[in-house]
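Let me begin by presenting the structure, written as structure tokens, before commenting on it.
Because the structure is a prediction, the values reported are computed rather than measured. Proteins come first, then strands; the chains are lettered A, B, ... in the order of their sequence lines, and each starts at number 1.
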Amino acid sequence: MKTFSFRELSALVSAVAVAVAAWLYFPDALTMASHAVGQIGANTDMQLTDSRAMLIRFAIGSVVFLVALQIMFHVALAIFWRRDATEPRDERDRIVALKARRYAYEILAAGVLIAMAYLFSHNLPGVLAAQYLLMTVFASEFVRYALTFVFYRLSV
Amino acid sequence: MSKTGISNRVRELRFLNGEMTQAALAQAVGVTRQTVIAIENNKYSPSLEVAFRIAEQFGVSLTEVFQYTAPRARG
């Protein structure tokens with residue numbers, strides 16, 4: 001395990017955390033969003049308001065879960081890789097981060113355009129639109145962390 | 001040698017300088033230990049600034065630390 005550096009593992013666990021959070025969040029969130037806009041289930045204004053409130057609570061809860069997961073992973077890593085964890089970032093770290101961000105930005109831009117085209121063509125409401133856009137943010141974050149890990153392994 | 005054609009003698013020079021550790025060199029030139037490892041394995045070519053600092057640390061010229069051989073063009 002020590003063949004991996006702290007920053008490599010940090011990127012890897014972040015990618016896993018984002019993937020797990022997305023996997024737990026989106027199936028239920030998309031169902032809730034569909035309820036919230038009255039596409040399925042809810043029929044009265046009260047039910048629609050409840051569904052929206054539940055969706056907001058679920059979204060906030062998921063973000064808190066993701067942050068807690070990241071903190072837990074990083075504390076565990078910092079204990080085992082204490083020396084690497086305390087080193088400040090250098091030029092190689094910055095180049096790896098910039099390269100990974102470049103590809104993540106392209107995923108984000110493409111995802112937003114695809115989501116917008118889909119939303120306009122299907123005339124979907126704002127609550128659902130937010131979910132699809134959030135999905136592209138998760139996808140781009142996953143790509144950023146995954147590529148950070150890959151670039152560290154391959155070096156730059 | 002790396003695909004960029006740049007190789008180096010950092011590992012050898014460390015040992016010739018009192019078996020300096022990777023961590024000590026990293027601290028002296030202002031990079032992480034992982035970057036020193038990547039440089040020694042020819043996986044990463046440092047910036048000119050860091051390259052000069054490494055050479056200065058060993059008290060030699062830049063070309064005594066880093067060598068460049070142009071990669072042969074593919075036919």
(message) Contact between B/V31 and A/R92 at the side-chain level, heavy atoms closer than 4.5 Å - yes or no?
(response) no

(message) Do A/V137 and A/Y103 sit in one hydrophobic cluster, given that two such residues count as connected whenever their side-chain heavy atoms are within less than 4.5 Å of each other, even indirectly?
(response) no

(message) For residues B/L25 and B/V60: do they belong to one hydrophobic cluster (side chain heavy atoms under 4.5 Å, members Ile, Leu, Val, Met, Phe, Trp, Tyr)?
(response) yes

(request) Please check if A/W23 and A/V63 belong to a single hydrophobic cluster, counting links between Ile, Leu, Val, Met, Phe, Trp and Tyr side chain heavy atoms closer than 4.5 Å. (result) no

(request) State whether the side chain of A/E87 and the backbone N or O of B/R33 hold a donor-acceptor pair below 3.5 Å, judged by distance alone. (result) yes

(request) Please check if the side chain of A/E91 supplies one atom and the backbone of B/S47 the other of a donor-acceptor pair under 3.5 Å. (result) yes

(message) Please tell me whether A/F80 and A/F73 are part of a single hydrophobic cluster in this structure, the criterion being side-chain heavy atoms less than 4.5 Å apart.
(response) yes

(message) Rounded to the nearest 0.5 Å, what separates atom OG1 in B/T32 from atom CZ in A/R89?
(response) 10.0 Å

(request) Say whether B/V36 and B/I6 are linked into one hydrophobic cluster, either directly or through other cluster members, by side-chain heavy-atom distances under 4.5 angstrom. (result) yes

(message) Check whether B/K43 reaches the backbone of A/Y152 with its side chain - one donor and one acceptor, N or O, closer than 3.5 Å.
(response) no

(message) For A/R153, which atoms come within 4.5 Å of any heavy atom of chain B: side chain, backbone, both, or neither?
(response) backbone

